Structure formats: C-alpha cells, structure tokens
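Below is one structure; the comments refer to it alone.
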Amino acid sequence: MFTMWKGNKLLVPLQPNELFFKELHTKNPNAHLELPKTVSEINRLVPESAQLFAAYDNNLLPQDALFETNFPYFLDVMVMRHARYSAAFKHSHSFFEVMCVLNGSCENHFASQTMHMHTGDICIVAPKTVHSVSAFSDDCIVYNLMIRSATFKQTFLDSLPQHGTLFDFFSHAILSPGSETYIYFKTGKDTLIQERIEEIIDEFNNQQSYYDTLLNSLLINFFIKLLRRHEKDVLVPNPTGHKNEQNIIFMLRYLAEHYDTITLKEFAQFFNYSERQMTRILSEYTGKSFTRLIQDIKLTKACELLKNPEIPIQNIIDTVGYANSSYFYRIFKMQYQITPAEYRKRLFTNEKITLPA
C-alpha cells in the first residue's frame with residue numbers, strides 16, 4: 001500500500017521539492033505564496049520560483065492551463081500527489097480533476113469563493129474552471145486524479161441511471177459552461193471511500209500489467225460507491241452565482257419520490273420557500289421549470305416500465321400519472337422521437353435509441 005497517515009503518525013515525509021517550497025515560503029512571507037496568484041505574479045514576487053518546479057520535478061511545472069494532451073496516449077487516468085507548500089498558482093485544465101483530501105486540510109480557491117477542505121473531502125473540478133490550491137502544512141495529504149473528459153463521462157455520468165433526474169442535474173452541473181464548475185462531496189471518515197482512492201493510487205504507482213484498463217474499472221467502482229454513499233452530501237455551486245442551495249439533491253430526490261401527486265405549492269411549502277423562489281432555484285440549478293422536471297421524471301419512469309413486456313402500455317400511462325393517453329403519446333414522441341411501442345421494441349432488438357441531449 002502507498003504511505004499515508006495512520007492515526008497521528010505521518011508516513012509521508014516532506015520530499016526534497018516540498019522542503020524547497022517550504023523554505024521559499026518561509027523566506028518570502030510578504031509574497032503570500034499561499035494566496036491565489038498567476039504564475040507571472042509569483043515569478044515576479046519570488047524570482048527563484050521560475051525554476052523551482054523544473055529543478056525538482058518537470059511534471060509539476062506550473063502553467064496557466066494544463067492539457068490532457070500531456071497524458072500518455074494509452075492512459076485515461078493520471079494520479080499525482082499535490083506538493084505541499086507549492087505556490088497557489090491559478091490554473092485550469094482541459095480535463096477533469098478529482099481532488100481527494102486524505103489527511104489534514106487545504107484551501108481550494110475559486111473566483112468567487114474559497115473552499116476549506118478537510119480529511120475525506122472530494123472536489124471534482126470541471127474543465128476550464130480556474131482555481132488554485134493552498135496546502136501549506138506538513139500534515140496535508142492531497143491526491144489529484146486527472147481524468148480525460150470522455151473517460152469522466154463514461155465513468156461518472158454513466159454510473160447514474162441514464163436520463164434520470166440526477167443524471168440530468170449532474171450533466172447540467174459539470175457540462176454546462178461556467179466560470180466555477182465543480183461538485184463537492186464531504187465523505188468524512190468513510191474508510192471505504194478512502195480505500196477505493198488508495199486502490200487507484202496503488203495501481204497507478206505500481207503500473208503492473210493491464211494497469212491502464214484496471215484504472216478505468218477502479219474509477220467506475222470509486223464513483224459508484226461515492227454516489228451511493230454520499231449523494232446527499234454533495235454541494236454544487238449555483239451556476240448563476242447566487243446563493244448556493246444546500247438541499248438541492250434532497251429536493252430532486254423528493255420530486256422523484258412524489259412526482260405523481262406533488263404540486264409546486266406543496267413542494268415549495270415543504271422546503272419553506274415561496275413558489276416563486278422555488279421556481280427560481282430549480283431553474284438556476286437544472287435549467288428547467290417545475291412542470292418540465294415532473295414531465296421528465298414521469299417519462300423516465302415510463303421508460304423503466306417499458307422494459308417489462310408484460311405491462312400493457314395503457315397501464316404504464318396510468319401508473320406514471322397521465323389521465324390523457326393522447327397527451328402522453330405526444331410528449332413521449334417529442335422527447336424520444338419514437339412511440340412507446342417502438343421504444344419497447346428497440347429495447348428487445350438492441351436497436352439504438354436516441355435520447356435527448
């Protein structure tokens with residue numbers, strides 16, 4: 001196993017590059033290297049920094065943007081431990097980055113806010129999101145899982161029920177353009193999640209036969225366990241920049257469980273909001289109205305029931321709460337470009353079904 005904290009005993013001593021960073025930080029207190037700065041600002045304040053990364057590890061060379069073209073062609077996942085005391089330089093990626101705090105604490109700076117991350121916290125940072133990391137303590141152990149964009153979709157998004165409420169929510173959260181796009185999980189002292197991260201790190205470091213393929217499988221396992229155990233502990237920034245809604249996942253879950261009877265008035269009252277406030281929150285986080293969300297949930301439920309050939313389509317229509325069969329057929333075809341009967345047929349003939357983007 002790779003070395004990490006066991007109780008209060010530090011098993012990862014500061015490496016030569018980290019000792020150099022720490023000394024640089026100590027000798028230049030007025031430079032405040034722990035605060036977000038561009039690479040050019042850091043180099044101007046501390047000229048030695050221009051060569052410090054290259055002097056100790058070319059892989060840690062700071063850049064304003066990092067690209068997945070730097071990945072080895074045969075790898076979809078890269079793993080790197082964040083260097084303690086390295087300057088908090090602003091940067092973005094063309095890939096997805098999963099920050100995993102395995103011990104201690106650090107700060108993750110975005111344009112409008114700073115996240116104080118602690119042991120067990122996991123932050124998925126989307127491409128083009130500018131951020132910087134401050135890990136200025138000996139006991140901070142942070143690993144970054146860097147994942148090609150296409151691989152992230154296959155491992156994270158495809159772990160969710162396809163085109164269900166949460167799939168749409170996470171898709172909107174991480175694939176929509178924005179200055180601050182991330183998903184933040186607080187897993188606390190969940191040893192199972194930590195073990196899954198350890199497996200990924202070990203596999204990457206050991207590089208035994210077929211490790212490139214196994215890394216992808218381990219990543220799927222990690223995301224499924226993360227979603228299964230901590231879906232309720234997720235924080236996603238409000239895409240509009242307005243105040244974050246801590247209960248957004250609970251709200252979507254509540255809608256999915258009560259879609260057949262719930263009204264906007266009842267839904268808003270349950271969460272102590274006015275109907276206008278609730279409408280705004282749903283629109284900001286999902287890009288959809290209350291009515292559209294309910295419709296999507298009903299159609300997703302109908303698609304699940306269509307997998308059972310023993311259930312008549314009319315019974316499915318009644319089950320998902322449509323009194324008007326003609327209306328159901330019309331909106332189903334608008335959504336999927338085929339009728340319910342054709343959808344069912346394709347399920348059992350392995351024909352491709354085109355779902356909405």
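Note: hydrogens, waters and symmetry copies are ignored here, and every other heavy atom, side chains too, is used. Source: prediction; values computed, not measured.
With sequence neighbours excluded, the residues satisfying ring pair (Phe, Tyr, Trp, His ring centres under 6.0 Å) with Phe223 are Phe152, Phe156. Annotation: ring pair (Phe, Tyr, Trp, His ring centres under 6.0 Å) contacts of Tyr85 (sequence neighbours excluded): Phe136. A search for ring pair (Phe, Tyr, Trp, His ring centres under 6.0 Å) contacts involving His258 returns Tyr254, not counting sequence neighbours. Looking at residues two or more places apart in sequence or on another chain, you find no side chain to side chain donor-acceptor pair (under 3.5 Å) involving Ser209. Checked against side chain to side chain donor-acceptor pair (under 3.5 Å), Lys307 has the following partners two or more places apart in sequence or in another chain: Glu304. Evaluation of the salt bridge (charged side-chain N to carboxylate O under 4.0 Å, His left out) rule for Arg344 yields no partner, not counting sequence neighbours. Applying the salt bridge (charged side-chain N to carboxylate O under 4.0 Å, His left out) test to Arg44 and every residue at least two apart in sequence or in another chain returns nothing. Among residues two or more places apart in sequence or in another chain, the salt bridge (charged side-chain N to carboxylate O under 4.0 Å, His left out) test is passed with Glu23 by Lys27. Residues that satisfy the salt bridge (charged side-chain N to carboxylate O under 4.0 Å, His left out) test with Lys186, not counting sequence neighbours, are Asp121. Partners of Tyr322 according to the ring pair (Phe, Tyr, Trp, His ring centres under 6.0 Å) rule, which considers only residues two or more places apart in sequence or in another chain, are Tyr327, Phe328.
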Using the ring-ring contact (aromatic ring centres under 6.0 Å, His included) rule, take His91 and His93 through it: C-alpha gap first, then chi angles, then the decisive distance, then the call. CA-CA 7 Å; His91 64 283; His93 327 89; 4.9 Å; yes
Take Ile122 and His230 through the test side chain to side chain contact (heavy atoms under 4.5 Å, CB included) and record every step on the way to the result. CA-CA 11 Å; Ile122 294 170; His230 297 285; over 6 Å; no
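The side-chain contact (heavy atoms from CB on, under 4.5 Å) test with Ile311 singles out one residue from Ile316, Thr319, Leu306, and that residue is Ile316.
Side chain to side chain, Thr291 and Ser289 fail the donor-acceptor criterion of an N or O pair below 3.5 Å. Between the side chains of Gln314 and Asp318, at least one donor N or O lies within less than 3.5 Å of an accepting N or O. Side chain to side chain, Tyr343 and Gln335 fail the donor-acceptor criterion of an N or O pair below 3.5 Å.
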Using atom types as modelled, flag every donor-acceptor pair under 3.5 Å from a side chain in residues 211-221 to any protein atom, sequence neighbours excluded.
from   : atom 1 : to    : atom 2 : distance (Å)
Asn216 : ND2    : Asp76 : OD2    : 2.9

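Dense packing is recorded around CZ of Phe74, with more than 12 heavy atoms of other residues, nucleotides or ligands lying under 6.0 Å away.
Interatomic distance, CZ of Phe267 versus CG of Leu282, reported as 5.0 Å (0.5 Å rounding).
The stretch residues 275-288 participates, sequence neighbours left out, in these salt bridge (Lys or Arg N to Asp or Glu O under 4.0 Å) pairs: Asp168-Lys288, Arg280-Glu284, Lys288-Asp296.
Put simply, the side chain of Met115 reaches to within 4.5 Å of the side chain of Phe110, judged on heavy atoms.
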